[in-house]
Amino acid sequence: MVNLATLQASINPFCQIRSACYLPEINKEMGDKRSYPHSSTDEPPNSRLFVIGSKMLKEEDFRSAFGVFGTIEEIWVVKDRSTGENKGVTYIKFAKTSEAACALEAMNGKSIGNVNRSIKVMIAASRDQGSKRESNEEEKTLRLFVVVPKTMTDSELYDEFKTYGDIDYANILKDKETRESKGFAYVKYYKFSHAAIAFEECDKKYRPVFAEPRKSQRDLEMDRHYSAPRGHDQDNYSQNMPIAPPLGIPDFHSSGEGFTKLIVIASPVLNQDQLWKLFDIVPGLDYCHVNYEGRPRPTRAVAEVAYTSPQSAAHAREKLHGFEYPMGFRLIVRPEQDNRPNVFAGRSLDKPKPDILQIAETIAQASSLIQAAGFSPDILQAKLGLGNKSNPGTSMDLDIQCSVKLPERKPLAKIDDETVARCFIVCFPSALHNSVLKDVFSRFENLIDVYMLNNKNCGYANYSTKKSAEEAIKVLHGAEIMGIRMKVMEAQEKPDHQRKRQRIDSPF
DNA sequence: CGACGGGACGC
DNA sequence: CGACGGGACGC
C-alpha cells in the first residue's frame, strides 16, 4: 500500500500534482468518448500507461491509486473475451503526458489495493505495434526533438530547457562541414516527467515532439556486422555524453608528407580572389580553383588549392583548417587524397605544436590579407588565442559589401524574447546566404531570427523590439548587399490560420 | 511584386 | 507472469 505522503515524496518537484479539486471530475462517469476524444488513442504521446498487476485488482483500485496524478480519461481492466476472467493487465489513459509520467514514476513497483504484490507500470505501446517493444525503450520518453532559431546556441538551448528539469544533453544539429545550425535540436532529460513538462510547457515555437529513439547499439552492431565487418567500433556512446563536445579540429599535426593538393570547403560568400589571398598566406601557393555547390543558390564553396611543396600544403592545412572565416563558417581543409601513405605507423609524429612565434608570424603574414578583406586584426588575434578582451564571440566579421553604411553589430534578442515586429525581405535577383543575412540584420539590436523561405527570394527578420525592425527598414530598404538588391519592409500579419499561439506576457 | 520555415542523430 | 474492448445517429 502507498499513502499520499509517500506518493508526494516520490513525486519530483517539477511535476505538478493535481490536487483534490480535480477529483470530483475524475469520479464522474468514465468512458464518455465525447468528452475525451483521445481516450482510445495515445494522444498526447506517452499518456497511456500499461499496468501489470494482480488479477484481483479492480478498476476502483486503479482509480484511487492513479487518480491523484491527474485526469484519468479511461481505465480499462483487460478481461478474457470469452471467460471474462481478469487477465491482470490494465490500461490507464491520462489526459496529459506529464500526468502519466508522474504516475509512472511514483507507482511503478508499488503495491495497490489490498494486494500485497508490486505492480509494473510502463508506457503503453501504440495500438498498431502490439506488444512489441522498442529496443531502447526508455529513450522515447526522455528525449525531445525541437525546432530552434538558427541563431540559438547549444548553451542557450540548455538554459532554456533546464527550467523544466535536469538535462542530460541539449544538442543543436549542425552541418558537419560548415557547423551552421540546421535549426533543430535534441534535448534529453534524465526523467520522463521532466521531458513531459518540457513537452507541454515550453514555448510552442519549439514545436516539441518526443524524439524517435536512435537505433540501438545492438541494431547498429547488426548493421555493421552485415555491411562492413571491419575494426572495432569507437563511439556509440555519444548519445550519453552530457553536452556534445565541439567537433574536434582533428589532426592538426599531420606530417608534411604525402600531399600538395588540398580540398577546401568554405562559405559560398567567398570569391576565388578572397580564398586565394587567404591561402597565399602560406608561401608556395600554386593555384586555387573554386566551384560553388548547391541549388538554387550556392551553399558552399569547394576549392582545390595546390602548393608547390608538401610542407607548404601541410602547413596551410594546419593553420587554416577549422578557422572561422567568415563568421559562422569554419573552413574545412583536408588533403585531396585522404588515404595517405601510412607514415603514422612507423614513427611517431615529432612535429612540435605550433609555438607562439609561429602564431605571431602567421598573424603578421595575415595582416595584409585582413586589411584587404576588411577584417580587423584583433579579431584574428583573439581567434588564435593571443588576443585581447574584445569580441568574445570569436567569430570573424564578414566582409560585407553594402551600398549603404551599416551600423555595428548589436546583441541579439534574449533567447526567450517574443517576436513583436517582423520585416519582410525581398532579395533580387537571388537570395542572400544565411550568414550574410544574420550579419546584416543583427546590426539592429534584438534580432531573434532571420531566414529566407525555401527556394524563394524572400524571407523574414524577426525582432523583439519594434524600433529595431523600423531601423532595419530605414537603413536596408533599397540597399545593395553583395550585389543583391534588397527590399526590406514591414511584414503583413500572418493569416489567421497560421498564427501560432504565443505566450502573452503583457499585462494589458 | 517577392508572403509565411524547418523535422532526425558520424558508420 | 503480461498487450488492445465497447460503443453505434444524437443535441
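Every chain is numbered from 1, with letters handed out A, B, ... down the list of sequences.
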Decide, applying a 5.5 Å centre-distance limit and a 30° plane-angle limit (both strict), whether A:Phe145 stacks on B:dA8.
-> yes
When rounded to whole Å, the OH to C1' distance for the pair A:Tyr186 and B:dG10 reads 13 Å
Side-chain donor/acceptor of A:Lys120 to base of C:dG2, under 3.5 Å | yes
According to a strict under-4.0 Å criterion, is A:Asn171 in side-chain N/O contact with OP1 or OP2 of B:dC9?
-> no
Hits for salt bridge (charged side-chain N to carboxylate O under 4.0 Å, His left out) against A:Lys55, two or more places apart or cross-chain, chain-then-number order -> none
Assert: residue with more 5' nearest nucleotide on DNA chain C, out of A:Ile52 and A:Arg81, is A:Ile52
Qualifying ring-ring contact (aromatic ring centres under 6.0 Å, His included) pairs with a residue from residues 468-495 of chain A, counting only residues at least two apart or across chains | none
Taking the side chain of A:Val426 as its heavy atoms from C-beta onward, which of B:dG6, B:dG2, C:dG6 lies nearest to it?
-> B:dG2
Report the nucleotide, chosen from B:dG5, B:dC9, B:dG7, that has the shortest atom-to-atom distance to any side-chain atom of A:Tyr451.
-> B:dG5
Give a yes/no on whether any side-chain N or O of A:Lys176 is located under 4.0 angstrom from OP1 or OP2 of B:dC9.
-> no
Could you state the interatomic distance from CG (A:Leu412) to OH (A:Tyr463), rounded to the nearest 0.5 Å?
-> 10.0 Å
In terms of ring plane angle, is the pair A:Phe161 and A:Tyr206 parallel, tilted or perpendicular, where the classes change at 30° and 60°?
-> perpendicular
Spacing between A:Asn455 atom CG and B:dG6 atom P, to the nearest angstrom = 9 Å
Is any side-chain nitrogen or oxygen of A:Lys55 closer than 4.0 Å to OP1 or OP2 of C:dG2?
-> yes
Taking only the side-chain heavy atoms of A:Tyr460 (C-beta and beyond), determine which of B:dG6, C:dG5, B:dC4 contains the nearest atom.
-> B:dC4
